[in-house]
Amino acid sequence: MPLEGLHHVTAICADAPRNVDFYARVLGLRLVKKTVNFDQPDVYHLYYGDEAGTPGSILTFFEFPGAAPGVAGAGMVHAIVWRTAGPEALAFWATRLADEGAPVTWVEGGVLRFTDPEGLVHELVASDAGDPPLTAVALDVPPEHRLLGFHGVRAYSAAPEHSAPVLRALGFTRRAEGGAWVAEGERRHGVIHYDRPPPARHGMAGAGTVHHVAWSAADDAELTALRGVVRDAGGHPTPIIDRQYFHSVYFREPSGVLFELATRDIGFAVDEDARELGRDLKLPPRYESRRAQLETLLTPLANPRY
Ligand code: ZN
């Protein structure tokens with residue numbers, strides 16, 4: 001059962017209104033779910049993605065209001081890589097992001113790198129994939145230039161060879177150029193690329209850093225099987241956890257990156273109409289009784305779609 005590439009990437013932000021402005025307005029993603037951190041329900045968990053919040057397009061943020069900026073170091077993802085249609089789309093984004101004041105640089109291989117308002121690094125690449133495009137409708141982003149979903153992530157590792165056995169066991173294959181591993185499913189593929197951490201850089205979780213990266217599994221049966229694979233490869237997976245929109249297993253891979261395996265059989269239409277994703281604050285059943293209290297604690301947040 002190959003993993004179908006990435007499921008979602010979860011990062012930390014300190015300022016939810018600014019986060020929505022950047023990801024929904026500037027990048028043109030759809031805010032598909034406005035909920036709370038299930039482990040700490042007085043803070044937001046925001047999900048962005050394509051129109052339906054399809055696995056492979058989902059970027060999520062835990063908001064910790066006022067959190068200090070973090071820095072990516074060994075064992076952390078340091079860049080999120082998105083696919084675009086090609087050079088014209090990249091040129092469009094270079095202009096649009098610069099106009100918005102986002103720091104933009106071109107790096108080797110025609111890759112456009114930029115940071116969000118809290119310092120989270122993204123890269124845009126010309127897609128080399130036949131994977132179905134995962135786009136969101138954004139009126140001021142021409143359809144041919146819209147983001148197409150994740151290509152992968154880049155992580156820092158001082159000893160990436162230590163990650164090889166568990167990656168291999170999970171069905172990742174190594175790309176010829178060395179540091180990149182690919183999870184290639186029937187329809188989608190996703191890459192994790194290990195880079196040497198900058199010298200004397202100590203990573204610290206905080207605003208603008210990635211918390212974990214989730215890979216796409218079919219359902220509970222596959223999740224159970226994959227959990228066994230991780231354990232047999234020497235990992236320590238959590239039990240299956242109900243995340244309302246998917247079921248998940250977490251473990252830290254040997255380079256230190258927090259991996260999640262998440263199912264794609266539930267989705268965001270489970271608790272609101274697919275046409276109205278992200279409109280209202282959604283709470284898991286166990287927190288519904290605290291809705292009034294939580295709504296006074298959370299910063300009011302408009303979804304620009306509504
Ligand atoms: Zn997750």
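All ligand and atom numbering here is 1-based and tracks the order in the structure. Keep in mind the model is a prediction, meaning the values are calculated, not measured. Along the sequence shown, the residues carry numbers beginning at 1.
- Salt-bridge formation is detected for the pair Arg25/Glu100: a Lys NZ or Arg NE/NH1/NH2 atom is positioned less than 4.0 Å from an Asp or Glu carboxylate oxygen.
- At a cut-off of 2.8 Å, His212 coordinates the Zn ion (ligand 1) through an N, O or S atom.
- The closest donor-acceptor contact from the side chain of Arg286 to the backbone of Phe38 lies under 3.5 Å.
- Ion pairing between Asp50 and Arg146 fails under the 4.0 Å rule for side-chain N and carboxylate O.
- In summary, the side chains of His45 and Thr60 do present a donor paired with an acceptor at a separation below 3.5 Å, with no hydrogens or angles considered.
- Of all N/O/S atoms in Glu260, OE1 sits nearest the Zn ion (ligand 1).
- Among the atoms of His211, no N, O or S atom is found under 2.8 Å from the Zn ion (ligand 1).
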